[in-house]
Undergrad: 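Here it is, the structure in full.
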Amino acid sequence: MADRRSSAALPVVRLPAYTKTDQEEILGESDDPFGVASAGLTWLPKDEHFGIRHEGRLVAHAGLLRLPVAIGATRTEVMGVGGVAVAPGMQGRGLARLVVAAALAHARGMGPRHALLFCRPPLVPLYQRLGWHLLEEDVLVEQPEGRLVPMPLRTMTTPLHDGARPVSEAVRLFSLPM
């Protein structure tokens, strides 16, 4: 049975890099570790990485990347959060909350007013508990060969600064998704 004790003693650390080997350390070997291969999308790697180690093993990760977007008619930037992963035996201990909170704390110092993430529908309640808001408007993302496609996953946003309200307009990424 998994140990469900509090994760408060597990510090989040900034990772200098995040490799396929790191991902496999958390999630094991899989052709589709995030369950999104059926979306058929090409994804960007993240620039910043936050992780938690337990007994010498990487057990949680969240990545961060600044992205150019249009929210409604306004061109701006958002901080994209992605690659959120928690080792199966460590789930239910608040590790996703910890690594996402560390990524968002870092993002607040980078300027953009909002963070954005994409997730499978079963994960929407988790992110809502973490303060994210479901975006019901269309989201378009770039793909190779100049294609512009609708995001098939659920899009969630959260304000990064006081006074910034959740995004409620259509979003267009001027890049691949993160």
Side-chain angles (χ1 to χ4, degrees), residues 11-19 22-23 26 33-36 39 41-52 58 60-86 94-121 123-144 146-178:
V12 177
V13 296
R14 187 105 175 263
L15 303 172
Y18 184 70
T19 65
D22 294 326
Q23 179 182 301
I26 297 171
F34 294 100
V36 298
L41 297 175
T42 300
W43 301 86
L44 285 174
K46 287 30 137 206
D47 287 338
E48 310 283 339
H49 303 278
F50 303 85
I52 296 175
L58 189 61
H61 169 267
L64 194 60
L65 179 67
R66 183 189 303 255
L67 297 168
V69 300
I71 299 174
T74 305
R75 283 190 75 133
T76 187
E77 292 182 318
V78 296
M79 295 306 299
V81 175
V84 179
V86 176
L95 301 184
R97 176 183 50 78
L98 291 174
V99 292
V100 169
L104 293 178
H106 183 76
R108 284 183 182 92
M110 297 181 75
R113 295 177 52 84
H114 296 92
L116 179 126
L117 65 78
F118 303 114
C119 68
R120 293 178 294 114
L123 295 175
V124 168
L126 165 70
Y127 287 108
Q128 286 175 322
R129 286 192 303 274
L130 299 179
W132 291 78
H133 305 273
L134 187 60
L135 179 62
E136 297 292 346
E137 299 297 322
D138 291 335
V139 176
L140 297 174
V141 299
E142 292 183 358
Q143 287 294 282
R147 292 181 301 130
L148 190 62
V149 301
M151 172 50 71
L153 302 173
R154 301 310 307 258
T155 302
M156 302 192 78
T157 68
T158 192
L160 292 175
H161 301 286
D162 291 339
R165 293 190 303 205
V167 173
S168 60
E169 299 176 81
V171 173
R172 187 227 196 268
L173 264 67
F174 294 102
S175 71
L176 298 173
M178 67 295 151

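What's counted below: heavy atoms across the whole structure, side chains too, no hydrogens, waters or symmetry copies.
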Undergrad: Could I get the full list of ring-ring contact (aromatic ring centres under 6.0 Å, His included) partners for H161, not counting sequence neighbours?
TA: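 By the ring-ring contact (aromatic ring centres under 6.0 Å, His included) rule, H161 matches no residue at all.
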Undergrad: Could you check V171 against T155 for side-chain contact (heavy atoms from CB on, under 4.5 Å), going step by step and ending with a plain yes or no?
TA: CA-CA 10 Å; V171 173; T155 302; 5.9 Å; no
Undergrad: To check you understand the geometry: which heavy-atom pair defines the closest contact between L65 and P45, and what is its length?
TA: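 Scanning both residues completely, I find the closest heavy atoms to be CD2-O, 3.5 Å.
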Undergrad: What heavy-atom pair brings A62 and V84 nearest, and what distance separates the two atoms?
TA: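 Minimum heavy-atom separation between A62 and V84: CB-CG2, 4.1 Å.
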Undergrad: To the nearest 0.5 Å, what is the distance between CE on M79 and OG1 on T157?
TA: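 Going from the CE atom of M79 to the OG1 atom of T157 covers 14.5 Å.
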Undergrad: With sequence neighbours left out, write down each residue that passes salt bridge (Lys or Arg N to Asp or Glu O under 4.0 Å) with E77, or none if nothing qualifies.
TA: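 By the salt bridge (Lys or Arg N to Asp or Glu O under 4.0 Å) rule, E77 matches R66.
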Undergrad: Calculate, to the nearest 0.5 Å, the distance between atoms CH2 and CZ belonging to W43 and F118 respectively.
TA: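 So the CH2 of W43 and the CZ of F118 are separated by 6.5 Å.
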Undergrad: Identify, with sequence neighbours excluded, every residue that meets side chain to side chain contact (heavy atoms under 4.5 Å, CB included) alongside A39.
TA: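 Per chain and number, A39 pairs via side chain to side chain contact (heavy atoms under 4.5 Å, CB included) with L41, P152.
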Undergrad: Considering non-hydrogen atoms only, spot the tightest contact between L95 and I52 and give its length.
TA: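 What the structure gives for the nearest pair is CD2-CD1, 3.8 Å.
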Undergrad: Is L176 close to P144 at the side-chain level, that is, under 4.5 Å between some pair of heavy atoms?
TA: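 P144 vs L176: side chains touch.
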Undergrad: Considering residues at least two apart in sequence or located in another chain, which fulfil the side chain to side chain contact (heavy atoms under 4.5 Å, CB included) criterion with T76?
TA: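 By the side chain to side chain contact (heavy atoms under 4.5 Å, CB included) rule, T76 matches V69, I71.
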Undergrad: Is there side-chain contact between L67 and L44, with at least one heavy-atom pair below 4.5 Å?
TA: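 Answer yes - side chains close enough.
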Undergrad: Of all heavy-atom pairs between R113 and G163, which one has the smallest distance, and what is that distance?
TA: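 Where R113 meets G163 most closely, the heavy atoms are NH2-O, 3.5 Å.
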Undergrad: What residues form a ring-ring contact (aromatic ring centres under 6.0 Å, His included) with F50, not counting sequence neighbours?
TA: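 Only H106 meet the ring-ring contact (aromatic ring centres under 6.0 Å, His included) criterion with F50.
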Undergrad: Considering residues at least two apart in sequence or located in another chain, which fulfil the ring-ring contact (aromatic ring centres under 6.0 Å, His included) criterion with Y18?
TA: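 Here the qualifying residues are H49, H61.
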Undergrad: Just to verify, which of V81, V124, L135 counts as forming a side-chain contact (heavy atoms from CB on, under 4.5 Å) with M156?
TA: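 Of all the options given, the one that passes is V124.
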Undergrad: Got a sec, which residues hit side chain to side chain donor-acceptor pair (under 3.5 Å) with T74, two or more places apart in sequence or on another chain?
TA: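 Here no residue qualifies.
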Undergrad: Sequence neighbours left out, what passes salt bridge (Lys or Arg N to Asp or Glu O under 4.0 Å) with R14? Give chain and number order.
TA: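 Result, salt bridge (Lys or Arg N to Asp or Glu O under 4.0 Å) vs R14: E48.
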Undergrad: Are the side chains of M178 and L116 in touch, meaning some heavy atoms are under 4.5 Å apart?
TA: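 Sidechains of L116 and M178: in contact.
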Undergrad: Can you see which heavy atom on L160 is nearest to which on P112, and at what distance?
TA: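 What the structure gives for the nearest pair is CD1-O, 3.4 Å.
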Undergrad: For a quick test of reading the model, state the closest non-hydrogen atom pair linking S168 to E137 and the distance between them.
TA: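 Result for this residue pair: O-CG, 3.3 Å.
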Undergrad: For E142, check side chain to side chain contact (heavy atoms under 4.5 Å, CB included) against everything at least two apart and list the hits.
TA: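 By the side chain to side chain contact (heavy atoms under 4.5 Å, CB included) rule, E142 matches L148, R172, F174.
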Undergrad: Restricting to side chain to side chain contact (heavy atoms under 4.5 Å, CB included), what partner residues turn up for R120, sequence neighbours left out?
TA: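 So R120 forms a side chain to side chain contact (heavy atoms under 4.5 Å, CB included) with V36, P122, L123, L153.
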Undergrad: Please identify each residue that fulfils side chain to side chain donor-acceptor pair (under 3.5 Å) with H114, with sequence neighbours left out.
TA: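 Expected list: none.
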Undergrad: Report yes or no: does Q128 contribute a side-chain atom to a donor-acceptor pair with the main-chain N or O of L134 at less than 3.5 Å?
TA: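 Checked: no pair found.
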Undergrad: Flag the pair T158 / L104 as yes when at least one side-chain heavy-atom distance between them is below 4.5 Å, and no otherwise.
TA: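 Yes. Closest side-chain heavy atoms under 4.5 Å.
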Undergrad: Measure the spacing between CG of L64 and CG of L117 and express it to the nearest 0.5 Å.
TA: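 Answer for the CG-CG pair, L64 versus L117, is 11.0 Å.
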Undergrad: Considering only residues two or more places apart or on different chains, which pairs with a residue in residues 147-157 satisfy salt bridge (charged side-chain N to carboxylate O under 4.0 Å, His left out)?
TA: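 For residues 147-157: E136-R154.
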